[in-house]
Amino acid sequence: MARRRPGTLFPIEVDILESGLTLQASEGSFYGFALAKQLSSHDGFALTAHGTLYKALSRMAESGILEASWEDPASAESEGRPRRRLYTVTAEGSRALVKAQAETNRKEANVPRIAQAGATFA
């Protein structure tokens, strides 16, 4: 597993927070499969493995940037399906996302423009 500096997010975690906030705004919370669909519609690609997503969700819940809880069993039973693990982005998660986006913007702003449109190289 890749090492990270404390307080930083992996790219998949940034994507989860962005998509999770979108789903949370309309639904109040989100669950893994809905998040996977949102992520694939966002970038046009399906995740390579749902295990990757669920491991990230678990890691993020443990670190406090997501809050996780099981849905009411009666709700799942009335729809004839297993219970879902529901997630919400915490205030800490929102702050971490803003920080990660600012860092990405800062890095992109510092990338020198080596070749402008129409430039040729000998």
Side-chain angles (χ1 to χ4, degrees):
M1 177 184 289
R3 300 252 181 217
R4 76 167 106 191
R5 291 177 291 140
T8 61
L9 297 173
F10 287 128
I12 190 172
E13 294 170 334
V14 172
D15 292 344
I16 288 170
L17 289 172
E18 290 172 341
S19 293
L21 284 169
T22 299
L23 290 168
Q24 188 172 311
S26 63
E27 304 293 325
S29 62
F30 56 94
Y31 57 96
F33 187 70
L35 182 64
K37 290 193 314 187
Q38 174 75 17
L39 288 168
S40 67
S41 71
H42 179 260
D43 65 10
F45 298 102
L47 292 173
T48 56
H50 285 283
T52 303
L53 174 64
Y54 289 103
K55 285 179 185 178
L57 288 169
S58 177
R59 185 175 55 243
M60 294 169 75
E62 288 173 12
S63 71
I65 54 180
L66 292 179
E67 188 174 283
S69 62
W70 287 101
E71 77 175 333
D72 178 46
S75 176
E77 188 175 325
S78 71
E79 294 180 25
R81 58 170 174 71
R83 287 192 319 168
R84 296 173 177 153
R85 186 94 165 144
L86 301 175
Y87 299 91
T88 55
V89 178
T90 64
E92 184 179 340
S94 293
R95 285 190 298 273
L97 177 60
V98 168
K99 181 181 174 188
Q101 290 170 330
E103 180 68 17
T104 298
N105 291 339
R106 184 188 65 74
K107 285 179 181 176
E108 288 175 357
N110 288 331
V111 174
R113 300 209 182 247
I114 296 173
Q116 299 295 328
T120 58
F121 296 94

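This chain uses plain numbering: 1 for the first residue, then up along the sequence.
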Can you find a heavy atom in the side chain of E62 that is under 4.5 Å from one in the side chain of S58? yes
For the CD atom on Q101, are there more than 12 heavy atoms of other groups (residues, nucleotides or ligands in this structure) within a distance under 6.0 Å? yes
Looking only at heavy atoms, what is the nearest atom pair of A56 and I12, with distance? CB-CG2, 4.4 Å
Quick one: pull up CH2 in W70 and CZ in R85 and give me the separation to the nearest 0.5 Å. 6.0 Å
Working to the nearest 0.5 Å, report the span between CG of L23 and CD of E18. 12.5 Å
Distance col, row L97:CG vs D15:CG, nearest 0.5 angstrom, shows 10.0 Å
Taking atom CD of E67 and atom CD of E92, what is their separation to the nearest 0.5 Å? 11.5 Å
Less than 4.5 Å apart, side chain to side chain, heavy atoms only: is that true for L9 and M60? no
What is the minimum heavy-atom distance between L86 and Y31, and which atoms define it? CD2-CB, 4.1 Å
Closest non-hydrogen contact found for L53 with A36 is CD2-CB, 3.8 Å
Residues L57 and G32: closest non-hydrogen pair is CD1-CA, 4.2 Å
Locate the shortest heavy-atom distance separating T88 from G28; write the atom from each residue and the value. CG2-O, 3.4 Å
Given 3.5 Å as the limit, does a donor-acceptor pair link the side chain of T90 with the main chain of I65, or not? yes
Out of curiosity, S40 OG to L35 CG, how far, rounded to the nearest 0.5 Å? 9.5 Å
Using the rule given for side chain to side chain contact (heavy atoms under 4.5 Å, CB included), can you reason through R59 versus F10, listing the C-alpha separation, both sets of side-chain angles and the distance that settles it, and then say yes or no? CA-CA 11 Å; R59 185 175 55 243; F10 287 128; 4.0 Å; yes
Looking at every heavy atom in both A61 and A68, which two are closest together, and how far apart are they? CB-CB, 4.2 Å
Given 3.5 Å as the limit, does a donor-acceptor pair link the side chain of Q24 with the main chain of V89, or not? yes
Spatial distance of atom CZ (R83) from atom OG (S69) [nearest 0.5 Å]: 9.5 Å
